[in-house]
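Here's the structure we're looking at; comments come further down.
All values below come from the heavy atoms of this structure, side chains included, with hydrogens, waters and symmetry mates left out. Everything numeric in this text was worked out from a predicted model, so none of it was measured. Throughout, a chain's letter reflects where its sequence line sits, starting with A, and its residues are numbered from 1.
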Amino acid sequence: MSSASPSSGAEGPGGSITVELPDGSTRRVPSGSTGADLAAVIGRRLARDAVAVEIDGELADLTRALPDGAKVRVVVDASEEGRAVLRHSTAHVLAQAVCSLWPGAAYAIGPPIADGFYYDFELPGGARFHDEDLERIEQRMREIVEEDQPFVREEHSIESGLELFADQPFKREIIERVATTAGASEAGDEELLAEAGRGAAGRVSAYRNSPAFVDLCRGPHVPSTGRLRHFRLTRVAGAYWRGDEHRAQLQRIYGTAWESAQALEEHLHRLEEAERRDHRRLGVELDLFSFPEEIGSGLAVFHPKGGLVRRIMEDYSRRRHEEAGYSFVTSPHITKAGLFETSGHLEWYAEGMFPPMELDGGQRYYLKPMNCPFHILIYRSRQRSYRELPMRLFEFGNVYRYEKSGVVHGLTRVRGMTQDDAHIFCAREQMAGEITSLLTFVLDLLRDYGLSDFYLELSTKPEGKVVGSDEDWEEATAALRVAGESMGLELVLDPGGGAFYAPKISVQARDAIGRTWQLSTIQVDLQLPQRFGLEYVSADNARRRPVMIHRALFGSVERFFAVLLEHYAGAFPTWLAPLQARVLPVRDDHAEHAGRLAADLTAAGLRAEVDPASEPLGARIRRGRMEKVPYLLVLGDDDVAAGTVGLNVRGAPSPERGVPVAEAIARIVTDAASRAVSPATAGARREPGQ
RNA sequence: GCCGGUGUGGCGCAGCUGGUAGCGCAGGCGACUUGUAAUCGUCAGGCCGUGGGUUCGAGUCCCACCACCGGCUCCA
């Protein structure tokens, strides 16, 4: 910030300064020139689109005087940085509007976020926002925009800042935080401090855009509220102050803001697109699964079509695991409390477990939230030799977790689910190699399900309550890091994100519209083998402790099902599609041929059926398309005569007429066997990414 | 768990300030016999999420609970 202090560069009237532009060229401008002045010199269009300026790597207001010799870049509204400025400024206007409508409201923080912004408030007398309020607030915001109020930056000492915000407890708390963390900020405080407008040491900055409203803020902001036109308030929500559920719950308003009406429109359209591929909606439309209220929150039933897709997913996984040296085991859904006491789960996660049932004179039984202790008992059922390692135990295990009522979400967050869970017991010296081959296996298999865009995340030792020595954590984390780095994928760090007993590496996948999902996780666990006293007899006849690797590939079958459903927008690739081909006889008297064709398709190993001619062909074609059947085979007079079929490939713009029956069957068989994502799903993946 | 919203036939929705439920799709039946995104007719289907309350009268108002949606917190 020092190089950008307002005094430098002001050489007095008549002088001039030189600044360097991003392309390396230099410009001579009168001293005292601002970012806005510079943009105007460069071009009218740039001047119009400019929202901020970067001076020597620091974002600043357009109104700031440029220092001599600075590297300067003008930030335009249609860039991600520019939008963040627009959104941040719009958040201020939101706060201003709320304060004028609810005198005495306390405003907390209001940062830009992906695609928008929010602002947190505490309303006087414990009042709450309601949906209808959004309209009023937005109306007031538009008035403020019409008034085109300038955003004026001010800097304050800590003392004067505290005085300025004397009646704003959250602002005071932020300023006090700035004062006490001078210099080095703690992890997690970044957002807060960014809001704080921490300026030069011991100072804070604020922006005033009318006599009535000033907000503590680092900036930069657009020059005036008139720049903020294309925004919309979207929803109200509760949010805890500083993200801590033990602190006050504030009232949050979310909004979105863009550089143009068109960009706003496109954003709203993207939201609609995401809604169209929402797995909960597709689950109903395609008759795949449901959540009967009679069963309970977060507990799904899979209908025949969904059950079929699921079974195909599982079968393929099972086969691949068998080929990769896994042994299949099963374990019960409930167990005596002692097992989870030994494992430590009751100590750590009791709140997330269903409460126990008391049987046999006070014996407590729990529904299992994890499979690992069971697999451990299988390992421990007899003495193990080093010759048996690595021992890979796999189970599609049903687990039950008591998720809090507000977090249950479709198939992605449920209370009962099936994990494709495996535990690998190996010698310590086998650990690194095992993890590497495991990661390769996982990525290969995920690719077979049609996902292809991955990155890895390494979650390290959490703060606070953990078990195990530092050396153990270090070794396990290093093994994961080495394996992760060898995959040729981006590896991002998630500091403190591990479980209490183990670090983990997770595979994140981007879907067809660019959203990321955490899928597979691999955890190296040195703790449970110890808690359960696991051993094996080594080659030199010593008793050694094995390492345990936890891993789930889908995570949960239900969740992975949902991810694929959304990724494909319901148009499963042929190998996964519940119905692969449907035969449509043009008239009733083609029924016999149609029946034979369907039988041939079935004999070729395909899932096929006939849709009889009780309705016009157009209606049946339409239904087939809406059901996203990969192949629709039309059979009429011409086809009966020539031994052909009219082939409608899902996603293709027009049908192919006169395809020989044998060729049609062969093509479908090939498509299904290849587990190809195209051609039959091509039409489902044309949406632009985000 | 917390904040806001929603809950009407299988699905999507309408039902104004309280007067006793309606539409489209889907479904059954009948006719139509169809060459590429909705043939016509007809019939049936509703404890208006659940339980209390106010009222002469509640889908409409009040309370509690349940479920779902959007967030927050959490996610072994």
Start at the 5' end of RNA chain B and walk down; is the nucleotide closest to A:Glu285 or to A:Leu617 reached first? A:Glu285
Return the 5'-most residue of the pair A:Met626, A:Val408 with respect to RNA chain B, ranking by each residue's nearest nucleotide. A:Met626
Once you measure the plane-to-plane angle for A:His423 and A:Phe425, does it fall in the parallel (<30°), tilted (30-60°) or perpendicular (>60°) bin? tilted
Which of parallel (below 30°), tilted (30 to 60°) and perpendicular (above 60°) describes A:Tyr400 and A:His333? tilted
Using purine N1 to pyrimidine N3 plus N6-O4 or O6-N4 for Watson-Crick, or N1-O2 and O6-N3 for G-U wobble, both under 3.5 Å, which nucleotide pairs with [N]?
N     : answer
B:C29 : B:G41
B:U17 : none
B:G4  : B:C69

Are the charged groups of A:Arg657 and A:Asp638 less than 4.0 angstrom apart, N to O? yes
Short N-O contact, A:Glu609 and A:Arg582, less than 4.0 angstrom: yes
Between A:Glu395, A:Glu558, A:Arg559, which is the residue that forms a side-chain hydrogen bond (donor to acceptor under 3.5 Å, both in side chains) with A:Thr418? A:Glu558
Does a side-chain N or O from [X] land closer than 4.0 Å to OP1 or OP2 of [N], or not?
X        : N     : answer
A:Arg280 : B:C68 : no
A:His409 : B:C75 : no
A:Tyr254 : B:C72 : yes

Got a list of protein N/O to nucleotides 27-33 of chain B N/O distances below 3.5 Å?
{"residue": "B:U33", "atom": "O2", "partner": "A:Asp588", "partner atom": "N", "Å": "3.2"}
{"residue": "B:U33", "atom": "N3", "partner": "A:Asp588", "partner atom": "OD2", "Å": "2.7"}
{"residue": "B:U33", "atom": "O4", "partner": "A:Asp588", "partner atom": "OD2", "Å": "2.8"}

[X], nearest nucleotide to its side chain (from [options]):
X        : options             : value
A:Ala619 : B:C74, B:U36, B:A38 : B:A38
A:Arg252 : B:A76, B:G71, B:C69 : B:G71
A:Glu245 : B:U73, B:C11, B:U34 : B:U73

What are the residues of residues 289-299 of chain A, sorted by number, that bring a heavy atom to within less than 4.0 Å of RNA chain B? A:Glu293, A:Ser297, A:Gly298
Under 4.0 Å, heavy atom to any atom of RNA chain B: which of residues 368-380 of chain A qualify? A:Pro369, A:Met370
A:Asp244 near the nucleic acid: base, sugar-phosphate alone, or nothing, with a heavy-atom cut-off under 4.0 Å? nothing
Sugar-phosphate only, base, or nothing, as touched by A:Arg413 at under 4.0 Å among non-hydrogen atoms: base
Is the distance between the ring centroids of [X] and [Y] less than 6.0 Å?
X        : Y        : answer
A:Phe302 : A:Phe561 : yes
A:Trp102 : A:Phe129 : yes
A:Tyr119 : A:Phe121 : yes

Considering only distance and modelled atom types, tabulate donor-acceptor pairs under 3.5 Å from the side chains of residues 281-294 of chain A, sequence neighbours left out.
{"residue": "A:Arg281", "atom": "NE", "partner": "A:Glu285", "partner atom": "OE2", "Å": "3.1"}
{"residue": "A:Ser290", "atom": "OG", "partner": "A:His303", "partner atom": "NE2", "Å": "3.3"}

Salt bridge (Lys or Arg N to Asp or Glu O under 4.0 Å) between A:Arg242 and A:Asp244, worked out: CA-CA 5 Å; A:Arg242 296 176 61 183; A:Asp244 182 343; over 6 Å; no
Indicate, yes or no, whether a donor-acceptor pair under 3.5 Å links the base of B:G35 to the side chain of A:Asp639. yes
What about A:Tyr240, does its side chain sit under 3.5 Å from the base of B:G1 through a donor-acceptor pair? yes
Check residues 346-354 of chain A and write down every donor-acceptor pair under 3.5 Å in which the side-chain atom is one partner and the other belongs to a residue at least two apart or another chain.
none

Pairwise N/O distances under 3.5 Å, protein to nucleotides 3-5 of chain B:
{"residue": "B:C3", "atom": "O4'", "partner": "A:Gln249", "partner atom": "OE1", "Å": "3.0"}
{"residue": "B:C3", "atom": "O2'", "partner": "A:Gln251", "partner atom": "NE2", "Å": "3.1"}
{"residue": "B:C3", "atom": "O2", "partner": "A:Gly238", "partner atom": "N", "Å": "3.1"}
{"residue": "B:G4", "atom": "OP1", "partner": "A:Arg128", "partner atom": "NH1", "Å": "3.2"}
{"residue": "B:G4", "atom": "O3'", "partner": "A:His130", "partner atom": "ND1", "Å": "3.2"}
{"residue": "B:G4", "atom": "O2'", "partner": "A:Asp131", "partner atom": "OD1", "Å": "3.0"}
{"residue": "B:G5", "atom": "OP1", "partner": "A:His130", "partner atom": "ND1", "Å": "2.9"}

